[in-house]
Undergrad: 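Just passing along the structure, written as structure tokens.
A quick note: this is a predicted structure, and the numbers were derived from the prediction, not measured. Proteins get letters first, then strands, A, B, ... in listed order; numbering begins at 1 in each.
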Protein chains: 2
Amino acid sequence: MRILLVEDEPELASAMRTALRRYDMVVDHATSLLEAGDFAASESYDAILLDRQLPDGDGLTLVPKLRARGNATPVLVLTARSDTSDKVDGLDMGADDYLAKPFAFEELLARLRALLRRPANVQTQVIHAGDLAFDFGHREVLVRGEPMALPRRELLVLEALLRRTGRMVQRSSLMEAVFGLDDEIQSNALDTHVSRLRRKLAEADGKVEINGVRGVGYLLREIS
Amino acid sequence: MRILLVEDEPELASAMRTALRRYDMVVDHATSLLEAGDFAASESYDAILLDRQLPDGDGLTLVPKLRARGNATPVLVLTARSDTSDKVDGLDMGADDYLAKPFAFEELLARLRALLRRPANVQTQVIHAGDLAFDFGHREVLVRGEPMALPRRELLVLEALLRRTGRMVQRSSLMEAVFGLDDEIQSNALDTHVSRLRRKLAEADGKVEINGVRGVGYLLREIS
DNA sequence: TCATGAACATTGCGGAAGCATTGCGAAACA
DNA sequence: TGTTTCGCAATGCTTCCGCAATGTTCATGA
């Protein structure tokens, strides 16, 4: 579990960090709104613990920014103020829960657990063809739901072909997708990979086929 | 929005009902645990407002029953008691939020809105694979019911893999889960942990296996 | 239609890159 | 302060990859 702690008071921050670590959480620590925004943008967290009183503004203002960026990370807001209208603000701005300081650490933990209970599986783009599913985000090929191990280069070939299922992919464009720019390949390495991929697909799936077209390139086709 | 209100005190119940209606919520009203259970089983609600002090027992006991039936309706617990340990109880039993009486109606509404915004809490607290059970609430691994001690880093690896049992977990994503940001690991530390974890799993369980996939990452698989 | 050459297909091989495992010293923890 | 755990580096091992050799297909032209 990875947590972003946004708290400028050094003592409290350090105590919380230690306590959270005791529960096997990996904690990143930001001390300002600005820093917090950067962290949240560049890393991915399971939850954010957010103090309101920060040197460069009200922590709450971070929440709508995150949401606008499509970041749905659960946010637990910590604050010294505890009257009702403040709570309402926090929850209405898209925070997920609210905890008034001072708090018992146990309660913090329990609330955190409640937030983390939600599914953590990030949805990524998946392309289907035949009985194949290619999960781009996780760089994984599934055959009828079962993962199939593929070497890196073959995976790249398959990816490039699947992105244009049923249509031609130029040889040059395949080369670029598989080898990039830096490698200067001077053999039939590409053909080799295509060949090996073909065999594996035939064994595992049998419903897709890679056709070569002389002088042009390759295309992947579903066979009926 | 359809709400189930579980509250035996007639006056309070009536007031809440009226207030909720004003916000266009459809309210069903139960006055006992038994009745609440029936309602929840036969109808479907967007949220449940649950008093703890009911004529036939502690309202909280309803929550695990619901969850066991696969009912993931958000539950907001209302109670006169407000010390920390009670709150922890409530949240750990699967309730989603907690509000101490007396409360401002505005806060109730804000918390309710926050609950309704959440994606349904479907994920269990415990993940099973082979003879393993990973209890997220208590941060503990059980092998055939017996607790198994694991160092922090290995536990993090296992957790990350179990959250996607049978599917790829990218190396980078594992690194994040295990080390976070601040550590700049420049060795094969991750491989080390995976290796040690492998050995322990093989000894203790034998029904799960961690497969490495070159250039991509790892996946945890149940072996048949 | 057949000969011919060019482009693609397949397969084995050696070097290399990536992973697995283990011991060790330092750091964290109790 | 004794114990556990962690990061690291050294070692051995498996897999992968580019290559080249060989086989196959296909278009072309006589």
Side-chain angles (χ1 to χ4, degrees), chain A residues 14-15 17-27 139 141 148-158 161 168-203 209-221, chain B residues 139 141 147-159 161 168-172 174-203 209-221:
Chain A
S14 156
R17 212 176 163 160
T18 312
L20 288 170
R21 283 203 47 180
R22 187 157 297 138
Y23 288 86
D24 300 318
M25 298 186 178
V26 178
V27 181
R139 306 223 57 75
V141 182
M148 170 165 113
L150 277 185
R152 202 170 100 259
R153 295 257 128 117
E154 291 172 37
L155 205 74
L156 289 169
V157 171
L158 183 57
L161 292 177
M168 279 299 309
V169 181
Q170 303 247 15
R171 194 181 179 78
S172 60
S173 138
L174 254 183
M175 291 289 288
E176 200 179 311
V178 176
F179 302 109
L181 297 172
D182 24 56
D183 291 351
E184 291 186 13
I185 302 300
Q186 35 185 305
S187 74
N188 59 350
L190 178 60
D191 308 54
T192 308
H193 293 303
V194 170
S195 169
R196 293 202 251 255
L197 183 56
R198 267 197 187 116
R199 167 192 298 231
K200 286 176 191 166
L201 289 183
E203 281 176 9
E209 198 174 63
I210 298 178
N211 298 107
V213 177
R214 282 177 106 78
V216 189
Y218 293 91
L219 72 81
L220 183 144
R221 202 164 65 77
Chain B
R139 301 220 53 77
V141 182
M148 172 165 101
L150 277 184
R152 174 182 138 76
R153 297 253 124 122
E154 291 171 38
L155 201 75
L156 289 169
V157 171
L158 182 58
E159 173 178 1
L161 291 177
M168 278 298 310
V169 181
Q170 292 216 63
R171 196 180 179 76
S172 61
L174 258 182
M175 291 287 287
E176 263 191 20
V178 177
F179 301 110
L181 246 200
D182 27 50
D183 298 347
E184 290 194 7
I185 302 301
Q186 36 183 322
S187 75
N188 58 350
L190 179 61
D191 308 52
T192 309
H193 293 301
V194 170
S195 171
R196 294 200 251 257
L197 183 56
R198 267 197 187 117
R199 166 191 299 230
K200 286 175 192 168
L201 289 182
E203 282 175 9
E209 196 174 65
I210 298 178
N211 297 109
V213 178
R214 245 159 215 269
V216 187
Y218 292 91
L219 69 82
L220 184 145
R221 221 165 49 80

Undergrad: Calculate the interatomic distance between E209(B) atom CD and dC19(C) atom P; express it in whole Å.
TA: 17 Å
Undergrad: Atom CD of E154(B) and atom P of dC6(D): how far apart are they, to the nearest Å?
TA: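 E154(B) atom CD is separated from dC6(D) atom P by 7 Å.
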Undergrad: Could you state the interatomic distance from CG (N188(A)) to NE2 (H193(A)), rounded to the nearest 0.5 Å?
TA: 9.5 Å
Undergrad: When you look at R198(A) and D191(A), which way does the salt bridge (Lys or Arg N to Asp or Glu O under 4.0 Å) test go after all the steps?
TA: CA-CA 10 Å; R198(A) 267 197 187 116; D191(A) 308 54; over 6 Å; no
Undergrad: Just the rounded figure in Å: distance from P of dA28(C) to CZ of R153(B).
TA: 11 Å
Undergrad: Any idea which of dT22(C), dC19(C), dG7(D) is nearest the A189(B) side chain?
TA: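 Taking heavy atoms from C-beta onward, the closest nucleotide is dG7(D).
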Undergrad: On the nucleotide dC16(D), are OP1 or OP2 found under 4.0 Å from the side-chain N or O atoms that H193(A) carries?
TA: no
Undergrad: What nucleotide, of dC17(D), dA20(C), dG7(D), holds the atom closest to the side chain of N188(B)?
TA: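 For N188(B), the side-chain atoms sit closest to dA20(C).
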Undergrad: Measure CG/L201(B) against P/dA20(C) and give the value in whole Å, please.
TA: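 Value for this atom pair: 14 Å.
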Undergrad: Rounded off to whole Å, could you give me the CG-to-P distance for the D191(B) and dA20(C) pair?
TA: 6 Å
Undergrad: Can you work out whether L150(A) or R152(B) has the more 5'-proximal nearest nucleotide on DNA chain D?
TA: R152(B)
Undergrad: Check the distance between dT15(D)'s C1' and N211(B)'s CG and give it to me in whole angstrom.
TA: 14 Å
Undergrad: Just to confirm, is there a sub-4.0 Å distance from OP1 or OP2 of dA20(C) to any side-chain nitrogen or oxygen of R198(B)?
TA: yes
Undergrad: Quickly work out the L155(A) CG to dG18(C) C1' distance and round it to whole Å.
TA: 16 Å
Undergrad: Would you kindly compare V213(B) and T192(B) by the position of their nearest DNA chain C nucleotide and give the one closer to the 5′ end?
TA: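 Of the two residues, V213(B) wins.
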Undergrad: CG of L190(A) versus C1' of dT11(C): gap in Å, rounded?
TA: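 So the two atoms are 17 Å apart, to the nearest Å.
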Undergrad: Under 4.5 Å between any side-chain heavy atoms of L158(A) and I210(A), yes or no?
TA: no
Undergrad: Are OP1 or OP2 of dA20(C) and a side-chain N or O of S195(B) less than 4.0 angstrom apart?
TA: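 Answer is no, no contact under 4.0 Å.
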Undergrad: Donor-acceptor pair under 3.5 Å: do we get one between R199(B)'s side chain and the base of dT21(C)?
TA: no
Undergrad: Any chance you could measure E154(B), atom CD, to K200(B), atom NZ, to the nearest 0.5 Å?
TA: 3.5 Å
Undergrad: Does a nitrogen or oxygen in the side chain of Y218(B) sit under 4.0 Å from OP1 or OP2 of dG18(C)?
TA: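 The answer is no; no side-chain N or O of Y218(B) sits under 4.0 Å from OP1 or OP2.
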Undergrad: Taking atom OH of Y218(B) and atom CE of M168(B), what is their separation to the nearest 0.5 Å?
TA: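 Reported value, rounded in 0.5 Å steps: 10.0 Å.
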Undergrad: Just to be sure I understand the rule, does R196(B) reach a base, reach only the sugar-phosphate, or reach nothing, if contact means heavy atoms closer than 4.0 Å?
TA: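 If one applies the 4.0 Å heavy-atom cut-off, R196(B) turns out to touch a base.
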Undergrad: Do R214(A) and dA27(D) share a donor-acceptor pair, side chain to base, under 3.5 Å?
TA: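 Between dA27(D) and R214(A), which were checked side chain against base, a qualifying N/O pair under 3.5 Å is absent.
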